[in-house]
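To keep things clear, I will list the structure first and then write my remarks on it.
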Amino acid sequence: MSSAAEWQLPLWQSLLPIGRTAPAGGYQRFAFTQADAQCRDWFINAAAERNLRADCDRNGNLWAWWIPPGTGSPAAIVMGSHLDSVPDGGAFDGPLGVVCAFAAIDRMLERGLAPARPVGMAAFVEEEGSRFGLACLGSRLLTGAVTPEAARALTDADGVDLAEAMRRAGLDPDGIGPDPELASRIAAYIELHIEQGSALAGIGAAVGVAESIWPHGRWRIDFVGRADHAGTTRLADRRDPMLPYAASVLAAREAAAELGGLATFGRVAAVPGASNAICSAVRAWLDARAPDEAILDEIVSRVMAAAVQSATGHGVTVSQHRESFTPLVDFDCDLRHRLVAALAGRGVAAPALPTGAGHDAGVLAAVMPTAMLFVRNPTGVSHSPAEHAEPEDCEAGVAALAIVLEELACR
Ligand code: GLV
Ligand code: MN
Ligand code: MN
């Protein structure tokens with residue numbers, strides 16, 4: 001039994017098997033794949049079981065609405081997160097927020113509470129950017145942070161573009177793009193998420209609220225050299241792209257340590273990938289994050305400088321392409337204080353935390369008030385099958401979200 005299976009909530013249990021790569025392993029839930037289709041069906045069923053109207057917006061994001069009769073049409077309070085995963089991801093990053101949103105509605109129903117305004121739930125598409133490279137694709141499309149043309153042209157590792165992937169999933173790629181009408185119907189978006197660090201564990205709190213998100217981005221770096229025989233090519237004659245790649249990895253670590261940011265090469269492809277040949281090219285992805293944009297720029301500049309310097313010495317060319325970027329996000333202060341006060345009023349202390357992790361709530365913050373609740377992660381491990389939250393902390397997340405929903409939607 002994987003530890004994610006400990007939380008007995010039936011809704012959680014029904015989502016757990018989808019996209020799991022092995023009984024004790026991680027998750028492979030990429031946008032517009034079969035696992036994603038099963039997750040989408042799960043969402044639609046969860047909405048139907050609660051008599052919520054489910055729909056899919058023009059960008060493939062899923063929504064479920066509770067529109068109490070006689071409330072007119074004030075803007076809605078929306079909760080949600082995402083159902084896609086990183087490769088071999090954990091069970092909680094994304095799904096915890098969606099499950100807790102449905103469970104918070106259940107709490108309201110059990111207590112006989114009716115909202116005074118519409119309540120929505122959302123599951124955003126391709127939040128991780130694991131298939132098409134651009135993180136928070138669904139929320140970026142909704143807010144206009146990426147153009148439909150640029151999005152349609154994104155390709156996955158097999159060369160399938162977004163437009164084709166959407167068509168195969170039964171969606172219309174011609175309709176994607178900004179949706180100001182939908183955004184204007186939302187008064188606030190609240191995303192509950194597992195903490196991707198161990199700050200809450202350190203201070204003994206089960207839940208927290210997000211204060212800010214570090215600016216961050218992804219850069220694809222292509223090192224192009226020349227393929228040759230590993231057993232016969234003299235060292236002096238080689239144009240080996242692996243060497244400037246290695247220099248870049250070391251530079252990333254050094255720059256991040258010196259400047260107080262984070263820099264990671266977590267994905268790399270050697271082309272063509274023969275163990276007895278010098279490769280012709282190395283394609284690598286740098287993920288960099290920092291407390292401010294100046295530091296972030298400096299980290300990336302130092303990595304690129306090291307790449308170019310080493311490449312020049314080895315007869316290799318280097319080019320870079322920024323695949324994804326999110327500026328600093330400071331979450332809406334008034335909304336955050338309102339959440340903290342409502343929670344404190346019910347005896348829940350929720351400290352405010354900055355984070356280096358990206359979220360749809362950060363993208364949506366450009367067009368509407370947003371806030372985030374974090375649920376304690378005892379080890380802090382995330383983007384890994386070892387990601388974990390204790391069942392009682394998941395329940396504390398549901399309770400906190402229900403308090404927030406009552407505060408924002410019932411008054
Ligand atoms: C998403 O989890 C990210 O921070 O990359
Ligand atoms: Mn994630
Ligand atoms: Mn997430």
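Numbering of ligands and ligand atoms starts at 1, following listing order. Computed from heavy atoms alone, side chains included, the values below leave out hydrogens, waters and symmetry copies.
- A salt bridge does not link Asp161 to Arg152: none of the charged side-chain nitrogens sits closer than 4.0 Å to a carboxylate oxygen.
- Among pairs with a residue in residues 329-340, those fulfilling side-chain hydrogen bond (donor to acceptor under 3.5 Å, both in side chains) read Arg338-Glu407, at least two apart in sequence or across chains.
- The protein heavy atom nearest to atom 2 (O) of ligand 1 is His383 NE2, 3.0 Å.
- Counting only heavy atoms from C-beta outward, the side chains of Cys56 and Arg40 approach each other to under 4.5 Å.
- Contacts between Arg289 and ligand 1, counted as non-hydrogen atom pairs separated by less than 4.0 Å, involve the side chain only.
- Outside the 6.0 Å centre-distance limit, the rings of Phe102 and Trp12 are not counted as a close aromatic pair.
- No other N/O/S atom of His193 lies as close to the Mn ion (ligand 3) as NE2 does.
- Proximity to Ala357 (heavy-atom distance under 4.0 Å) selects the following atoms of ligand 1: 4 (O).
- Residue pairs meeting the side-chain hydrogen bond (donor to acceptor under 3.5 Å, both in side chains) criterion with at least one partner in residues 248-259, sequence neighbours excluded, are Glu258-Arg302.
- Neither the backbone nor the side chain of His216 has a heavy atom within less than 4.0 Å of ligand 1.
- Residue pairs satisfying the side-chain hydrogen bond (donor to acceptor under 3.5 Å, both in side chains) criterion with at least one member in residues 263-275, sequence neighbours excluded, are absent.
- Protein N/O/S atoms closer than 2.8 Å to the Mn ion (ligand 2), listed by chain and residue number, are Asp93 OD2, Glu128 OE1, Glu128 OE2, His383 NE2.
- Within the 4.5 Å cutoff, no side-chain heavy atoms of Leu364 are placed close to those of Ile186.
- In terms of protein heavy atoms, atom 1 (C) of ligand 1 is closest to Glu128 OE1, 3.2 Å.
- At least one N or O atom of Gly358 sits closer than 3.5 Å to an N or O atom of ligand 1.
- Salt bridge status for Glu392 with Arg376: absent, with no side-chain N to carboxylate O gap under 4.0 Å.
- Ring pair His359/Phe374 is tilted by interplanar angle, where 30° to 60° counts as tilted.
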